[in-house]
There are 2 protein chains.
Amino acid sequence: MKMSVNVTIPVSEAETLTERLRRGNLFAGPCPSRDILKNVSSRWGVLILISLRDGTHRFSELRRRIGGVSEKMLAQSLQALEADGFVQRIAYPVVPPHVEYSLTTSGEEIARLVAALADWIEVRVPEVMTHRAEFEERLQGGE
Amino acid sequence: MKMSVNVTIPVSEAETLTERLRRGNLFAGPCPSRDILKNVSSRWGVLILISLRDGTHRFSELRRRIGGVSEKMLAQSLQALEADGFVQRIAYPVVPPHVEYSLTTSGEEIARLVAALADWIEVRVPEVMTHRAEFEERLQGGE
DNA sequence: TACCCATGCTAACTTTTAGTAAGTAAATAC
DNA sequence: GTATTTACTTACTAAAAGTTAGCATGGGTA
């Protein structure tokens with residue numbers, strides 16, 4: 001019984017040795033964590049994970065749901081997430097094809113973190129846009 | 001056979017209205033949140049934010065710290081984060097140039113979320129790599 | 001029976017983005 | 001006087017993303 005996904009956001013201030021080690025690892029050039037992060041934090045990866053948080057979806061449902069994805073990119077992103085074990089794919093051998101995608105256990109965990117990030121951003125959009133405008137102006141104004 | 005695809009949002013665990021609105025916004029094609037997310041979750045954006053969590057750093061310090069960044073990409077990513085208000089840039093008009101980068105308040109907030117994601121991934125790297133290997137094998141084996 | 005649509009992809013091609021190498025100013029060290 | 005250091009920018013090239021077209025095939029429509 002290992003439930004309790006408590007790994008998420010502990011350690012408010014003090015940085016443990018472990019964390020520093022991990023961080024060092026992320027910083028070191030060619031490490032696999034960067035690949036994983038790339039799949040998860042990519043333009044479509046994020047939206048797929050968030051989208052699947054509320055249950056199983058078919059390929060074309062996802063396509064319609066996520067504004068602006070091409071079929072190619074959707075398929076590619078889903079395959080990456082599947083290979084990493086975050087998404088489960090079940091294909092029913094019928095015609096026309098019927099394929100269902102859902103989050104695995106670890107997929108749910110990481111999707112929560114990604115969603116937290118996305119939610120934080122959505123709340124701050126106006127703030128950020130204001131800052132951007134001011135920043136542009138400062139550049140233009142040639143301060 | 002119409003199969004009624006209307007199931008989309010079962011609202012599993014009390015998803016607030018606000019959350020659904022935000023989500024809808026992220027899903028809608030051209031919204032600014034995607035841009036913000038892109039800067040923050042990009043290959044180098046992530047590493048810059050995490051790197052700056054432990055204090056101010058100069059450009060070249062960051063460059064040495066983050067394995068594999070080119071100067072161009074570092075400058076570009078820093079500018080994006082600065083424009084969005086996550087990173088503060090202070091240039092001392094000396095020769096050779098001296099420029100310091102640090103997180104703003106909102107930068108610290110978002111960096112915490114990004115770091116949580118990165119930490120989670122680092123912990124699960126072995127697990128994910130195993131899954132990838134098995135996945136490849138399944139493809140090869142032609143199951 | 002002929003025709004068209006829907007689904008979940010993949011392959012070929014184009015555009016955008018990332019990455020690489022070189023250049024720049026100007027003080028200081030040798 | 002040549003080299004070095006810093007924080008960039010500017011061309012150029014490689015890689016990734018995006019676009020369009022195609023495929024198999026059962027069911028619905030005519």
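- We find that CZ of B/R65 is positioned 19 Å from C1' of D/dA7, with the value rounded to whole Å.
- Each of A/V95 and A/A75 has a nearest nucleotide on DNA chain C; the 5'-most of these lies closest to A/V95.
- Of the side-chain N and O atoms in B/S70, none sit less than 4.0 angstrom from OP1 or OP2 of C/dG19.
- For B/P97, whose side chain is taken as the heavy atoms from C-beta onward, the closest listed nucleotide among D/dT9, C/dT10, D/dA7 is D/dA7.
- For B/W44, a side-chain nitrogen or oxygen approaches OP1 or OP2 of C/dG19 to under 4.0 Å.
- Remark: A/R43 is not in phosphate contact with D/dA16, judged by side-chain N or O atoms under 4.0 Å from OP1 or OP2.
- A straight line from CZ of B/F59 to C1' of D/dT9 spans 11 Å, rounded to a whole angstrom.
- Using a cut-off of 4.0 Å between Lys/Arg side-chain N and Asp/Glu carboxylate O, A/K38 and A/D84 are scored as not salt-bridged.
- Following rounding to the nearest Å, B/Q76 (CD) and D/dT10 (P) show an atom-to-atom distance of 12 Å.
- When the nucleotides C/dG19, D/dA7, C/dG8 are ranked by their closest atom to the side chain of A/R58, C/dG8 comes out on top.
- Nearest heavy atom pair, residue A/S77 against residue A/I48, reads CB-CD1, 3.5 Å.
- The nearest whole Å value for the distance from the CG atom in B/D35 to the P atom in C/dT17 is 10 Å.
- Under the side-chain contact (heavy atoms from CB on, under 4.5 Å) test applied with A/E61, the options A/R58, A/R65, A/R63 reduce to a single match, A/R58.
- Look at NZ on A/K38: it is 13 Å from C1' on C/dT17, rounded to the nearest Å.
- Rounded to a whole Å, the NZ atom of B/K72 is 10 Å from the C1' atom of D/dT10.
- B/E61 comes within contact range of no nucleotide atom at all, as no heavy-atom separation falls under 4.0 Å.
- Residues A/W44 and A/V69 approach most closely at CD2-CG1, 3.5 Å, considering heavy atoms.
- Between C/dG8, C/dA18, C/dA6, one nucleotide has an atom nearer to the side chain of A/V99 than all others, and that is C/dG8.
- When atom types are taken as modelled, the side chain of B/S106 and the backbone of B/G85 share a donor-acceptor pair closer than 3.5 angstrom.
- Within 4.0 Å of A/E100, counting heavy atoms only, lies no atom of the nucleic acid at all.
- Regarding A/H57, its NE2 atom lies at a distance of 15 Å from the P atom of C/dT7, rounded to whole Å.
- Residue contacts for B/Y101: at a heavy-atom cut-off of 4.0 Å it reaches the sugar-phosphate backbone alone, with no base atom in range.
- Taking atom CE on A/M73 and atom P on C/dT16, their separation rounds to 16 Å, with Å as the unit.
- Within the nucleic acid shown, A/R63 has no heavy atom closer than 4.0 Å to any nucleic acid atom.
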